[in-house]
Amino acid sequence: MQSHGVLLPLRGPSSSLSLSRHLRRQLTLTSFHSSKASTRPRSLLLPVASAAFTVSDGELETRGFRVRRSSDGLDVAALNDVFARVGFPRRDPDRLRRALGHAGGAVVWVEESKRGGGPGKPVAFARATGDGVFNAVVWDVVVEPSLQGMGLGRAVMERLVADLRRSGVSNIALYAEPRVVGFYRPLGFAADPDGIKGMVYSRRNQKKR
Amino acid sequence: MPFGASIPSPPPTYLVHHLACWFQVSNKCWIHNGLSGFVPAKRRAMVLPLRASFWDSIKSGFLKNNNSTKVVEPPSTFMEEEDPFPQDIVLLEKTQPDGTFEQIIFSSAGDVDVYDVQALCDKVGWPRRPLTKIAASLKNSYLVATLHLIKGIDQKQLIGMARATSDHAFNATIWDVLVDPSYQGQGLGKALVEQLIRVLLQRDIGNITLFADNKVVDFYKNLGFEADPEGIKGMFWYPRY
């Protein structure tokens, strides 16, 4: 059912897009991809309201981390510092604020609690852009290098995915560098499903005619 | 075969973007030949005269830096041209034998009827999606581009569409590129995507991405897209097939 020049959405013509959300959830529960089994697959398949995260908000609080679900209070300069430390390019702060404030996007970040209160620095971060009903793409997933390996990246990703799913979006995509493909797999992400390729526009690739 | 002489003066509501091109077609290609309207032409490749200086000023989307270098994105180099790009662009013009004037217009205005979108999705064989969701997806898209076939003065038909979501600053992702099957094979899909890219770059969105089904990867490669750049993989959350 594919035509030349048609970019299919992930789930294509054979998808269940036209089904009600309830029925879709039933399908999700019964057609689980066992090849992508992770330690806690079911937590991502339960109705979102009772989803159990690997590490709960409360557990994070006892360790001195607070989960934040909006960009309010996010120190953009501090976030840029984290970007730089993980090897991402720093962003122009105004453009970064614009990207964060854009309606329809989702932001989850972890704040390191500061002694004596006050806003803490971001130590983990992820954001998504999309149309709010069908598709979302996750960008800029970072964890402060000195705090990696503790489950903070998983914490932001689980919550971001849960937030997107709660708003009805189930087509969630991202671009993963080779060395982090393994990080996303246990979170439920699969690379090139059914041969679908992530592609990026590059001016130098444009054919001269 | 020399290319036709001049394009007649355009109707007042559109700025005709003289693309200096003709479309790759089996037997339905028209080259404008002076005042006698369109004549059939041999198959040719499509050419869009892009302005080199403008493209060169846009940075590539992926930057890899080590920790020690500070890279700050340059301030927006928006609009170095004097005249702004029009929202509507005439891709094709034709005068039918009976005198009817036809045009295929690209528009980035996103002015589209949700019922027309659903009808187009039906034509390409997609399953039905709730109209409210279609409407919401269009409203929440950063850019909605359309191809309309204009016949005479009052017939306007949606024959192609593409949309892009974006964070309004860095990244855009193209979704749902559709061309009415009756109008496929004429290079309209390519024109649609090329114009969409042009508008995104014009708005300083430097990283343009998409996810391509296996069968259309080459189509997008020909438009300047690269699959798995630097080994970066597209991944999806629990895809069901």
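No hydrogens, no waters, no symmetry mates; every other heavy atom, side chains included, goes into these values. Within every chain, numbering begins at 1; the chains are lettered A, B, ... in the order of the sequence lines, protein sequences first and strands thereafter.
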Visitor: Do Glu158(A) and Thr54(A) meet the criterion of a side-chain donor-acceptor pair at a distance under 3.5 Å?
Guide: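 Short answer, yes.
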
Visitor: Any idea which of Leu96(A), Val133(A), Leu174(A) has the most non-hydrogen atom pairs under 4.5 angstrom with chain B?
Guide: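 Among the listed options, the one with the most contacts to chain B is Leu174(A).
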
Visitor: Indicate yes or no: does Asp57(A) engage Arg159(A) in a salt bridge with an N to O separation below 4.0 Å.
Guide: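 Yes, this pair counts.
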
Visitor: Measure distances from Val181(A) to the heavy atoms of chain B and classify the residue's part below 4.5 Å as side chain, backbone, both or neither.
Guide: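 Its backbone and side chain both get close to chain B.
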
Visitor: Looking at Val193(B), Asp228(B), Thr173(B), which one has more heavy-atom pairs under 4.5 Å with chain A than the rest?
Guide: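 Most pairs with chain A among the choices: Asp228(B).
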
Visitor: What part of Arg127(A) lies closer than 4.5 angstrom to a heavy atom of chain B: side chain, backbone, both or neither?
Guide: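 For Arg127(A), the contact with chain B is made by the side chain alone.
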
Visitor: Which residues pass the side-chain contact (heavy atoms from CB on, under 4.5 Å) test with Pro119(A), sequence neighbours left out?
Guide: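 Applying side-chain contact (heavy atoms from CB on, under 4.5 Å) to Pro119(A) gives Glu111(A).
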
Visitor: Is Asp140(A) salt-bridged to Arg91(A), going by a charged N under 4.0 Å from an acidic O?
Guide: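 Between Arg91(A) and Asp140(A) there is a salt bridge, with a charged N closer than 4.0 Å to a carboxylate O.
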
Visitor: Partners of Ser141(B) by side-chain contact (heavy atoms from CB on, under 4.5 Å), sequence neighbours excluded?
Guide: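 Scan of Ser141(B) (side-chain contact (heavy atoms from CB on, under 4.5 Å), adjacent residues dropped) gives Asp131(A), Val144(B), Arg163(B), Thr165(B).
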
Visitor: Between Ser166(B) and chain A, with a heavy-atom cut-off of 4.5 Å, which part of the residue counts as in contact: side chain, backbone, both or neither?
Guide: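 For Ser166(B), the backbone is the part near chain A, not the side chain.
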
